[in-house]
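We number each residue from 1, following the sequence as shown. Since the model is a prediction, treat every value here as computed from it, not as a measurement.
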Amino acid sequence: MRAETRVPPLRWIFPLAQLFLCAVVLWPMRPMLVGQIRASLREYGISHDTAARDSGTPRLRPFDLSDPDVQRRIKISEAREWAVAALNLPGGLPDLTYAVLSPAHSEWTPRGMFMWTWRDLSWPIIGIFFWWLAGRSLEGLLFSSHKILLPKIRWWEVVVSLPALAFGAIWAVGLCIDQSARTEFPLWMLLAVFGSMWVVLGASTSLAYFVQWRLRKRLASSTVEQARMLTSTS
């Protein structure tokens, strides 16, 4: 490798950055998230906490939905949850697959836990893998510009990245052309932007694989040509 060639380790920067952003966004909601985790652990008999054993969900203080302040807080919480989901759209692929294959056609959630809480906790964890793939792909493209085949993009990475690309395209295109979808999702512009982002990140893996394949053939033919020249001059 050339000494002057420097490419940032995007495969590690991207996953760590998204985890940090998700933690910052969800930090004000930590009491609710912790309460949901404890409730789920009690449901599975894992927690030794004797409080509220008669209820699988945390006890919530009564509130008035007509109160403007309550409505504002609910909208802010929903915006935080949608932001985390949009940042890690491919993290919803396992839930989508389960919903399609299950008889009830609904997402799986741990007992005693709200669906959105499970998304807040699971999607960023699953998203680590897809952000790692995206980082590797961008590293490969940057190194290829210096004629360096690092890191080697494998065929299975292309296969895995295609669902992320398709999922992002469905969100981006669907939200832009479907009026009812825009009405259902108040933050549809955010989802469309992040969906488009995942189209680009998913396509980068296929592009990096193709660029490395072309570069590998070019380097191989150049090596053969140099060998012929050395043979002819000897």
- So, for Trp82 and Trp116, is the gap between ring centers shorter than 6.0 Å? yes
- Before giving the answer on side-chain contact (heavy atoms from CB on, under 4.5 Å), spell out for Leu93 and Phe167 the whole-Å C-alpha distance, their side-chain angles and the decisive distance to 0.1 Å. CA-CA 8 Å; Leu93 289 172; Phe167 201 38; 3.8 Å; yes
- Message: Is there a side-chain contact between Leu16 and Phe20 in this structure, where contact means two heavy atoms from C-beta onward sitting under 4.5 Å apart?
- Response: no
- Validation row: Ser144, Gln212 side chains within 4.5 angstrom (heavy atoms): yes
- Got a sec, which residues hit ring pair (Phe, Tyr, Trp, His ring centres under 6.0 Å) with Phe14, two or more places apart in sequence or on another chain? Trp131
- Message: For a quick test of reading the model, state the closest non-hydrogen atom pair linking Ala83 to Leu190 and the distance between them.
- Response: CA-CD2, 3.9 Å
- Message: Measuring only between side-chain heavy atoms, which start at C-beta, is Glu81 closer than 4.5 Å to Arg119?
- Response: no
- Query: Excluding sequence neighbours, so at least two apart, what forms salt bridge (Lys or Arg N to Asp or Glu O under 4.0 Å) with Arg72?
  - Reply: Asp69
- Message: Quick check on Arg214: does its CZ atom have over 12 non-hydrogen neighbours (other residues, nucleotides or ligands) under 6.0 Å away?
- Response: no
- Query: Should Tyr209 and Glu157 count as side-chain neighbours, where that means a heavy-atom distance under 4.5 Å?
  - Reply: no
- Task: Check whether the ring centres of Trp171 and Trp198 lie less than 6.0 Å apart, and answer yes or no.
- Result: no
- Who else is in Val173's hydrophobic cluster (ILVMFWY, side-chain heavy atoms under 4.5 Å, direct or via others)? Ile177
- Message: For residues Phe114 and Val34: do they belong to one hydrophobic cluster (side chain heavy atoms under 4.5 Å, members Ile, Leu, Val, Met, Phe, Trp, Tyr)?
- Response: no
- How long is the gap from CE on Met113 to OG on Ser122, to the nearest 0.5 Å? 9.0 Å
- Should Leu191 and Trp123 be counted in the same cluster of Ile, Leu, Val, Met, Phe, Trp and Tyr side chains packed under 4.5 Å apart? no
- Item | Side-chain heavy atoms of Cys22 within contact of Asn88, under 4.5 Å | yes
- Message: Looking at Met189, I'd like to know if its CE atom is crowded, meaning that more than 12 non-hydrogen atoms belonging to other residues, nucleotides or ligands lie closer than 6.0 Å.
- Response: no
- Heavy atoms, side chains only, cut-off 4.5 Å: are Val25 and Leu87 in contact? no
- Query: For the atom pair CG (Leu10) and CZ (Arg136), what is the distance rounded to the nearest 0.5 Å?
  - Reply: 12.0 Å
- So do Leu162 and Ser206 actually touch side chain to side chain, heavy atoms under 4.5 Å? yes
- Task: Take atom CH2 of Trp156 as the centre, draw a 6.0 Å sphere, and report whether it contains more than 12 heavy atoms from other residues, nucleotides or ligands.
- Result: yes
- Task: Answer whether the closest heavy-atom distance between the side chains of Leu201 and Ser137 falls below 4.5 Å.
- Result: no
